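Let me begin by presenting the structure, written as structure tokens, before commenting on it.
So that the names make sense, note that chain A is the first sequence line, chain B the second, and so on, each numbered from 1. All of these numbers come straight from a predicted model, not from anything done at the bench.
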Protein chains: 2
Amino acid sequence: MRSVIRPEPATFRTLFLRALKKGHSISMHCTCRVEYKGRAVSTLETGDRLVIIKPDKTVIIHQPAGRNPVNWMPVHSHITLDENIIRVESVNPREFMTIHLEKVLVFLSSPLTDGASLVQAGSEADMANMIYQNPHVLGEFVPASREEQTAYGFIDVFGRDYNNNLVIVECKRYKAGLDAVQQLRRYVEKIKKDKGKEVVNGIIAAPAITENAKKMLEDWGFNFIKVEPPMYLLPDREKQKNLGEFFS
Amino acid sequence: MRSVIRPEPATFRTLFLRALKKGHSISMHCTCRVEYKGRAVSTLETGDRLVIIKPDKTVIIHQPAGRNPVNWMPVHSHITLDENIIRVESVNPREFMTIHLEKVLVFLSSPLTDGASLVQAGSEADMANMIYQNPHVLGEFVPASREEQTAYGFIDVFGRDYNNNLVIVECKRYKAGLDAVQQLRRYVEKIKKDKGKEVVNGIIAAPAITENAKKMLEDWGFNFIKVEPPMYLLPDREKQKNLGEFFS
DNA sequence: CGTGCCAGGTGCCAT
DNA sequence: ATGGCACTTGGCACG
């Protein structure tokens with residue numbers, strides 16, 4: 001583990017290359033200019049930033065404000081140090097970034113080991129599972145399958161109403177918008193055509209829906225049912241398998 | 001500027017609170033456990049990570065792999081240090097995060113000043129401007145407006161063909177998919193209804209289009225025209241205004 | 001503020 | 001690899 005304030009260029013070079021080679025995590029505060037060329041082109045004029053280089057060769061640059069990085073390069077990039085310029089190159093997608101270092105304010109590297117992975121609940125998949133296991137939340141609904149495959153996308157929950165009509169359910173963990181309704185519409189049209197059915201009902205299951213989306217939904221004869229995503233881990237078999245080591 | 005390896009709890013507390021108060025940027029490598037509750041719930045068991053706290057009270061936690069943070073809290077959160085627990089609270093959206101520090105491997109803080117903002121070209125807006133200024137790339141097309149407002153969304157470019165039929169153009173800077181076609185379809189239907197037109201043509205302008213999207217496009221009588229996003233700064237009036245200080 | 005939508009989106013999983 | 005899509009998406013621009 002190394003931490004050096006204002007390293008000399010030669011010192012910095014040594015520390016940087018060693019950390020890179022050893023697979024240590026690097027965090028440095030520095031004054032720099034950044035150029036990017038790839039899917040777009042960009043320039044970031046000189047300023048003070050945090051530059052992160054991970055053992056997997058991800059490069060992330062943060063300005064001192066905001067949640068998102070201002071510049072970055074993907075995992076498995078190729079990193080070289082050419083005088084005071086860090087050159088980063090990616091093959092797929094083909095991208096280039098150069099970090100022109102003016103001053104390294106602090107250099108820091110350590111061998112971080114982290115075997116844990118995030119365990120989370122409240123996703124759209126959790127919502128679909130919850131509906132599948134407790135279909136009464138949708139009223140007259142008998143579930144038939146989860147994640148029905150269509151060339152036009154996955155159907156979250158698929159089933160029938162008490163009149164035996166097909167029902168397609170599209171879940172959203174947040175407020176549903178126009179895109180959600182169009183997604184549902186696409187599935188309904190596809191299933192109608194594929195299965196040769198006259199009547200296929202569509203349901204948006206979400207905690208809320210926007211005004212426009214509600215209107216479009218009604219124009220198409222679909223329904224909105226208010227459902228909150230479950231904020232707890234469900235006893236889902238597949239999930240348990242994935243999270244086995246966490247719970248054992 | 002401070003950089004301390006393995007600070008004692010008391011030292012850490014002093015440095016942390018001082019940096020927070022002074023609005024310095026904090027980067028620390030530490031062994032910790034992270035709990036989150038808000039729009040979802042999550043637990044991240046103990047491991048070594050990089051914790052970033054910015055002057056604007058954004059909190060970002062990175063594992064030693066991957067481009068994206070594993071946990072974060074938005075700008076303007078409320079941060080407190082309670083023994084060895086960093087508590088972070090956000091009002092909108094209502095969210096909570098706790099970082100349970102086991103070991104602080106390195107603590108680092110510095111007053112980063114950065115007045116620069118990213119200057120970029122190659123966005124979808126650049127593409128739409130380019131088409132507006134060089135309409136011949138779409139063939140028989142006479143542009144009428146940019147960013148036409150609809151309750152159902154913005155139309156990228158709006159115009160007429162040589163037969164005086166209305167034409168709606170949807171631009172995508174990457175390969176267009178089903179969502180792009182449905183977006184176009186929504187606009188065309190809206191304009192047909194609003195303006196009482198029988199014929200409204202739709203164009204997807206993008207570098208490429210997926211097979212399914214192509215099929216759906218043709219089913220609806222729309223057209224795909226291959227257009228690459230311009231990778232240079234256009235002499236666009238609005239843009240110049242925004243980027244004035246950069247070019248002056 | 002809500003609504004809509006782009007993003008160098010990223011990541012995941014499917015065929 | 002391509003495709004369809006969720007994401008604690010984040011961020012902006014406009015009503």
Which part of the nucleic acid, if any, lies within reach of [X] when heavy atoms closer than 4.0 Å are counted: base, sugar-phosphate only, or nothing?
X: Gly38(B); result: nothing
X: Arg186(B); result: sugar-phosphate
X: Tyr187(B); result: sugar-phosphate
X: Glu95(B); result: base

Can you tell me how far [atom2] of [N] sits from [atom1] of [X], to the nearest Å?
X: Glu124(B); N: dG11(D); atom1: CD; atom2: C1'; result: 15 Å
X: Ile155(A); N: dT15(C); atom1: CD1; atom2: P; result: 14 Å
X: Tyr232(A); N: dT8(D); atom1: OH; atom2: C1'; result: 18 Å
X: Asn129(A); N: dA6(D); atom1: CG; atom2: C1'; result: 14 Å
X: Gln182(B); N: dC6(C); atom1: CD; atom2: P; result: 14 Å
X: Asp156(A); N: dC5(D); atom1: CG; atom2: P; result: 10 Å
X: Leu118(B); N: dG11(D); atom1: CG; atom2: C1'; result: 13 Å
X: Asp126(A); N: dA6(D); atom1: CG; atom2: C1'; result: 12 Å

Can you list, pair by pair, the side-chain donor-acceptor contacts under 3.5 Å of residues 168-177 of chain A, counting residues two or more places apart and other chains?
| from | atom 1 | to | atom 2 | distance (Å) |
| --- | --- | --- | --- | --- |
| Glu170(A) | OE2 | Lys172(A) | NZ | 3.4 |
| Glu170(A) | OE2 | Gln183(A) | NE2 | 3.3 |
| Lys172(A) | NZ | Gln183(A) | OE1 | 3.3 |
| Arg173(A) | NE | Gly122(A) | O | 2.8 |
| Arg173(A) | NH2 | Gly122(A) | O | 3.1 |
| Arg173(A) | NH2 | Arg39(B) | O | 2.3 |

Exercise for review: Scan for side chain to side chain donor-acceptor pair (under 3.5 Å) pairs involving residues 51-62 of chain B, sequence neighbours excluded, and state none if there are none.
Suggested key: Lys54(A)-His62(B), His62(A)-Lys54(B), Asp56(B)-Thr58(B)

Sticking with atom [atom1], work out how far [N] lies from [M], rounded to a whole angstrom.
N: dT8(D); M: dC5(C); atom1: P; value: 22 Å
N: dA6(D); M: dA7(C); atom1: C1'; value: 15 Å
N: dC7(D); M: dC6(C); atom1: C1'; value: 15 Å

Which residues pass the side-chain hydrogen bond (donor to acceptor under 3.5 Å, both in side chains) test with [X], not counting sequence neighbours?
X: Asn201(A); result: Asp161(A)
X: Asp48(A); result: Thr31(A), Thr113(B)
X: Ser25(A); result: none

Check your understanding: Are the ring of Phe154(A) and the six-membered base ring of dC5(D) within the stacking cut-offs of under 5.5 Å and under 30°?
Key -> no

Check your understanding: Got a sec, which residues hit salt bridge (charged side-chain N to carboxylate O under 4.0 Å, His left out) with Arg33(A), two or more places apart in sequence or on another chain?
Key -> Glu35(A)

Review point. Taking only residues two or more places apart in sequence, or in another chain, which ones meet Glu148(A) in a salt bridge (charged side-chain N to carboxylate O under 4.0 Å, His left out)?
Key: none

Point to revise | For DNA chain C, the residues among residues 51-75 of chain B that have a non-hydrogen atom under 4.0 Å from it | key: Arg67(B), Asn68(B)

Check your understanding: Going by number, which of residues 205-216 of chain A have a non-hydrogen atom under 4.0 Å from DNA chain C?
Key -> Thr210(A), Glu211(A), Asn212(A)

So do the side chains of [X] and [Y] get within less than 4.5 Å of each other, counting heavy atoms only?
X: Val41(B); Y: Tyr232(A); value: no
X: Val34(A); Y: Leu118(B); value: no
X: Ile61(B); Y: Met97(B); value: yes

Taking distance alone, no hydrogens or angles, what donor-acceptor pairs closer than 3.5 Å link side-chain atoms of residues 86-93 of chain A to residues at least two apart or in another chain?
| from | atom 1 | to | atom 2 | distance (Å) |
| --- | --- | --- | --- | --- |
| Arg87(A) | NE | Asp82(A) | OD2 | 3.0 |
| Arg87(A) | NH2 | Asp82(A) | OD2 | 3.0 |
| Ser90(A) | OG | Pro93(A) | O | 2.7 |

Study note, to complete from the structure: Sorted by position of nearest nucleotide on DNA chain D, 5' first, the leading residue of Thr150(A) and Gly122(A) is Thr150(A)

**Study point:** Basic-acidic side-chain contact under 4.0 Å: Glu189(B), Arg185(B)
**Key:** yes

Review point. So, is Arg39(A) close to the dT10(C) phosphate, meaning a side-chain N or O under 4.0 Å from OP1 or OP2?
Key: yes

Review point. Is the distance from OP1 or OP2 of dC6(C) to the nearest side-chain N or O of Gln183(B) less than 4.0 Å?
Key: yes

Distance-only donor-acceptor pairs under 3.5 Å for side chains of residues 213-226 of chain B, two or more places apart:
| from | atom 1 | to | atom 2 | distance (Å) |
| --- | --- | --- | --- | --- |
| Lys214(B) | NZ | Glu218(B) | OE2 | 3.4 |
| Lys226(B) | NZ | Glu228(B) | OE2 | 3.3 |

**Study point:** Any residue of residues 166-179 of chain B with a heavy atom less than 4.0 Å from an atom of DNA chain D
**Key:** Lys175(B), Leu178(B)

